[in-house]
Amino acid sequence: MIHRHAKPRSATNRAGRSCARRQPYRAFAGPYSDGMAEENRLARVRRARRINRALAETYPYAHCELDHVNAWQLLLATVLSAQTTDLRVNRVTPALFAKYPRPADLAGADPADVENLIRSTGFFRAKARSVTRLAAAVVGDHDGMVPETLAELVKLPGVGRKTAFVVTGNACACEASRAGDPNHGANVSTPFGRPGITVDTHFGRLVRRWKWTAETDPDKVETAVGELFPQSDWTMLSHRVIFHGRRICHARKPACGACPIAPLCPAYGEGETDPDKARKLLKYEKGGYPGQRLNPPKEYLEAGGLPAPPLGAATASGTAG
């Protein structure tokens, strides 16, 4: 019997936990002007880490989506990826790596030849100048080997913190950068293993959408998000967030109804909430389409991912971005 003025109890299961239906996270509904005032730091840290755990379950195969076998190839591909997709870069780098396997080879290349090879990535003249200068600096200042530290990498022409963190978090320290055969040494390499947060377009817009930070400057975003996670999580966190932005949490029309972190997202409802309609918005392996890498990792393929078609092949819908 319920007392006249008593509040009715919510339904509970045998373990005593509430059976109330879980609702999307709405604590920050509407615009805000003073940053994170509605949520204290501890609550934000807990929510951010719950999101990261959910993303880890959703994308256990998350990885850098630039094809490479050594640090030099990754550095070169990352510089070329500015203002274009990883897929476009992955389609031109096989010919580029084959013709110029070492930094010394590219440093002495004819700019016109380099331009022709990378033309489809956009801004090809500026990029050709940038990568030949980069190759010359690696040869002249580092004996043909890609430096392993952030401080040394950002001194190279055309290399900022974002590019440096991609390299330090994903590249391998091996003799392949110096050898004539680009695959030489790849099997005996060791990871650089220096974690970092890669703030690209996807990462920046998602962490703002999730109210992890209100910052727009990449360096400030890096600092703000870095304070929410242990340093050991930074590299994989970056991969997971970028994967999510490319597959589900799109810029213009996020697939909210198919999102695994909807209960934790303050922006839930900005996109399509109907599950069936939302599933039609999914890209890459989540939508049954090829990915961005021509040679993706084994874990990606085992999870149902498909390799990207090579240059000249038709591109399926759901593979851009």
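- Looking at heavy atoms from C-beta onward, H244 lies in side-chain contact with C259 at the 4.5 angstrom threshold.
- In this structure a side-chain-to-backbone donor-acceptor pair under 3.5 Å is missing from T121 to V89.
- Salt bridge absent: D105 and K99 never bring a charged side-chain N and a carboxylate O closer than 4.0 Å.
- You'll find the side chain of V92 stays beyond 4.5 Å of the side chain of L117, heavy atoms only.
- When side chains are defined from C-beta on, E270 counts as touching R209, because their heavy atoms get closer than 4.5 Å.
- Using a 4.5 Å heavy-atom cutoff, the side chains of I197 and F203 are in contact.
- A salt bridge between R47 and E39 is present, with a side-chain N of the basic residue lying under 4.0 Å from a carboxylate O of the acidic one.
- In this structure, F165 shares a hydrophobic cluster with L150, V154, the cluster being traced through Ile, Leu, Val, Met, Phe, Trp and Tyr side chains under 4.5 angstrom apart.
- Side-chain contact of Y61 with E285: a donor-acceptor pair under 3.5 Å is present, judged by distance alone.
- With a 4.5 Å cut-off on side-chain heavy atoms, R208 and V221 count as touching.
- Enclosure of atom CZ in R293 by more than 12 non-hydrogen atoms of other residues, nucleotides or ligands within 6.0 angstrom is indicated.
- Remark: side-chain polar atoms of D67 are not paired, donor with acceptor, to backbone N or O of P94 under 3.5 angstrom.
- Between the side chains of Y300 and H63, no donor-acceptor pair is found at a separation under 3.5 Å.
- Every side-chain hydrogen bond (donor to acceptor under 3.5 Å, both in side chains) that H239 has, sequence neighbours left out, goes to N170.
- Although no hydrogens or angles enter the test, the distance criterion places no donor-acceptor pair under 3.5 Å between the side chain of T93 and the main chain of L96.
- Using modelled atom types and a 3.5 Å distance limit, the side chains of N116 and R119 yield a donor-acceptor pair.
- Taking 4.0 Å as the cut-off between side-chain N and carboxylate O, R205 and E215 do not count as a salt-bridged pair.
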> Where do L281 and K253 land on the side-chain contact (heavy atoms from CB on, under 4.5 Å) test, with the steps shown first?
Replying inline: CA-CA 8 Å; L281 300 174; K253 196 172 185 180; 4.0 Å; yes
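- Between R279 and K286, every side-chain heavy-atom pair lies at or beyond the 4.5 Å cut-off.
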> Yes or no on side-chain contact (heavy atoms from CB on, under 4.5 Å) for H142 and L156, after CA distance, side-chain angles and deciding distance?
Replying inline: CA-CA 10 Å; H142 300 281; L156 295 173; 4.0 Å; yes
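- Distance alone, capped at 3.5 Å, places no donor-acceptor pair between the T84 side chain and the S81 backbone.
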>> Does F229 form a ring pair (Phe, Tyr, Trp, His ring centres under 6.0 Å) with W212? I'd like the steps, not just the answer.
In response: CA-CA 11 Å; F229 297 91; W212 288 3; 5.3 Å; yes
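- Between P307 and N295 there is no side-chain heavy-atom pair separated by less than 4.5 Å.
- Proximity of V241 to W210: side-chain heavy atoms (C-beta onward) are separated by under 4.5 Å at one or more points.
- Screening residues 219-236 for side chain to side chain donor-acceptor pair (under 3.5 Å), with sequence neighbours left out, gives R161-E222.
- Scanning all heavy atoms of the two residues, the minimum distance from I242 to T198 falls at CD1-O, 4.1 Å.
- When hydrophobic clusters are built by joining Ile, Leu, Val, Met, Phe, Trp and Tyr residues whose side-chain heavy atoms come closer than 4.5 Å, directly or via intermediates, M145 is not grouped with V139.
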